[in-house]
There are 2 protein chains.
Amino acid sequence: MLDARTDPAEAGEPPGGTLDEQAYRRLRTALVEGAFAPGDRLSIRRVAVALGVSAMPVRTALRRLAVEQALDILPSGTAIVPRLTQPAFAELGAIRAELEPLAMRMATPKLTPALLDALDQRLAEHIQARERSDPEAVLKADRSFLFIVYQACEAPMLLQFIESLWLRRGPVFWEARWSLLSHGGVRHHHREILAALRHGDAAEAALALRQEITSATAFLMTHLQFANGPSTPMGLAALAPVR
Amino acid sequence: MLDARTDPAEAGEPPGGTLDEQAYRRLRTALVEGAFAPGDRLSIRRVAVALGVSAMPVRTALRRLAVEQALDILPSGTAIVPRLTQPAFAELGAIRAELEPLAMRMATPKLTPALLDALDQRLAEHIQARERSDPEAVLKADRSFLFIVYQACEAPMLLQFIESLWLRRGPVFWEARWSLLSHGGVRHHHREILAALRHGDAAEAALALRQEITSATAFLMTHLQFANGPSTPMGLAALAPVR
DNA sequence: TCCAGCATTGTGTGATCACACTTTTTATGG
DNA sequence: CCATAAAAAGTGTGATCACACAATGCTGGA
């Protein structure tokens with residue numbers, strides 16, 4: 001079970017050195033990709049056999065995700081996938097509406113022409129994906145677009161907060177990806193943001209982003225029933241062994 | 001070493017059930033109380049013997065604090081007390097200036113008369129402590145004042161973010177407690193906040209808080225040399241065994 | 001006196017086990 | 001047939017160990 005460490009080459013996806021890291025990353029991506037249903041119990045030992053490792057790295061990863069609010073811990077200690085209530089979702093939107101525009105303002109003076117071109121490309125990808133009615137690609141392009149900006153602002157603390165928010169946001173948006181396709185104010189706002197960034201207008205870019213977040217949050221607050229079973233979660237089967 | 005669990009009574013400070021929790025809390029308070037110097041290495045085993053427990057709970061607690069950004073992890077895996085650089089401190093202030101006013105706005109309609117009276121008392125404590133030139137008491141009263149508000153807004157995600165920020169802020173303010181005594185715009189701002197809260201004016205309260213944060217951050221940015229050894233840290237001796 | 005080399009110690013990682021507790025299942029009684 | 005109790009899995013916690021690696025110290029030579 002130490003192959004991953006003794007054989008650093010290969011394995012395109014989980015290059016993380018320690019088993020802790022690999023277990024964490026696998027669970028994390030499974031989570032944002034909606035592999036688990038809200039309310040699912042993730043027991044240390046079951047996840048461990050699914051991942052093909054011992055209980056120790058899984059315990060670490062589960063607890064880490066709990067600290068990041070990506071999982072909840074029952075009084076008994078068992079980790080469960082959080083069931084986002086409506087107030088919690090509203091809170092999430094309110095925090096995002098403060099932090100992400102801040103990151104946008106901080107990033108504005110640091111965006112190089114190369115990065116601006118990259119943003120342009122992500123916007124094009126979004127539009128194409130939308131024309132093909134491919135909601136997964138739309139979500140992916142949007143995420144790429146915004147995180148190019150968030151990473152450019154070189155604020156590690158802020159970046160981790162935002163990633164933690166997206167970790168919780170992930171499953172909800174994933175579940176609502178078809179509804180979001182019909183909403184689609186994102187394209188407009190991203191165009192606004194990009195134009196403002198090209199002019200170096202931080203305040204304008206931040207404002208457009210804030211509007212995107214509040215509008216998307218408001219849209220989902222009405223078009224989404226909370227505390228409900230999702231479409232077709234895969235469960236632990238989504239966790240292939242660690243190699 | 002299981003006394004704490006088999007003897008639930010007694011032990012006024014660390015009532016936490018599991019050893020994980022106790023280790024976490026002890027390290028956490030030691031951290032915010034400035035027991036460690038920036039750059040100190042906290043090895044799992046050394047902390048374990050200082051705490052009188054095995055390595056397991058300490059490992060958990062250390063990793064948890066690292067996720068909360070209260071500690072850094074070296075490439076080797078050793079935990080060290082972060083050395084706050086000037087840009088990092090500025091970033092910290094910028095995030096606080098967004099999130100804490102948000103919490104203030106959310107809390108305003110939920111503040112009961114009892115809570116407002118409690119705020120009044122904390123303000124009085126601040127003023128008294130200031131007259132005695134007791135910087136520790138001043139810091140404590142300020143923290144109490146603000147966290148009464150932050151807890152009242154019933155936003156668990158937001159509260160955890162703010163606590164994480166204060167965890168990082170703690171050592172710096174502790175080190176600068178004497179300088180802060182001479183600054184002291186806090187009293188004024190807290191009075192403003194309290195008056196606004198009594199009128200239910202959320203925007204005004206949030207604005208006053210934002211000014212307090214930005215002014216304190218600006219003050220410390222000039223009156224503090226960064227990446228420097230502190231006064232008299234206690235080190236591991238501050239960690240009394242777990243009972 | 002200084003530096004190279006090695007031995008010693010200290011380190012985090014991860015596996016495994018015993019224990020106490022909880023949840024589920026099964027059997028037993030009404 | 002159902003409710004209740006007993007038994008059986010399943011669970012997290014925490015201690016302990018082996019291992020690989022890093023840092024530290026010491027000893028030997030120049």
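These values consider heavy atoms only, across backbone and side chains, with no hydrogens, waters or symmetry-generated copies. Lettering of chains follows the sequences in order, A, B, ..., and the numbering in each one begins at 1.
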Counting N and O atoms only, with roles assigned by atom type, does the side chain of B:Q69 sit under 3.5 Å from a partner on the main chain of B:S164, one being a donor and the other an acceptor?
no
Rounded off to whole Å, could you give me the CD-to-C1' distance for the A:E21 and C:dT13 pair?
13 Å
Whole-Å distance separating the CE atom of A:M56 from the P atom of D:dG12
13 Å
Going by heavy atoms closer than 4.0 Å, what residues in residues 59-80 of chain A are next to DNA chain D?
A:R59, A:R63, A:S76, A:G77, A:T78
Rounding to an integer number of Å, can you tell me how far A:L19 CG sits from C:dG12 P?
17 Å
Under a 4.0 Å threshold between the charged nitrogen and the carboxylate oxygen, would A:E98 count as salt-bridged to B:R105?
yes
Keeping the roles fixed (side chain from A:Q86, backbone from A:M221), state whether a donor-acceptor pair exists under 3.5 Å.
yes
Interatomic distance, B:R46 CZ vs C:dG10 C1' [rounded to whole Å]:
9 Å
Length of the line joining A:R45:CZ and C:dC17:C1', which is rounded to integer Å
10 Å
Identify each donor-acceptor pair in which a side-chain atom of residues 136-147 of chain A lies under 3.5 Å from a protein atom, sequence neighbours left out, and give them as a table.
| from | atom 1 | to | atom 2 | distance (Å) |
| --- | --- | --- | --- | --- |
| A:E136 | OE2 | A:R177 | NE | 3.1 |
| A:D142 | OD1 | A:H126 | ND1 | 2.5 |

Salt bridge A:R28-A:E21, side-chain N to carboxylate O under 4.0 Å:
no
Tell me whether the OP1 or OP2 atom of D:dT11 has a side-chain N or O from A:S43 closer than 4.0 Å.
yes
Nearest whole angstrom, please: distance from the C1' of C:dG12 to the CG of B:L42.
14 Å
So, the side chain of B:E68 versus the backbone of B:Q160: is there a donor-acceptor pair under 3.5 Å, distance only?
no
Rounding to an integer number of Å, can you tell me how far A:I44 CD1 sits from C:dC21 P?
18 Å
In whole Å, I'd like the distance from the CG atom of A:D20 to the P atom of C:dT13.
6 Å
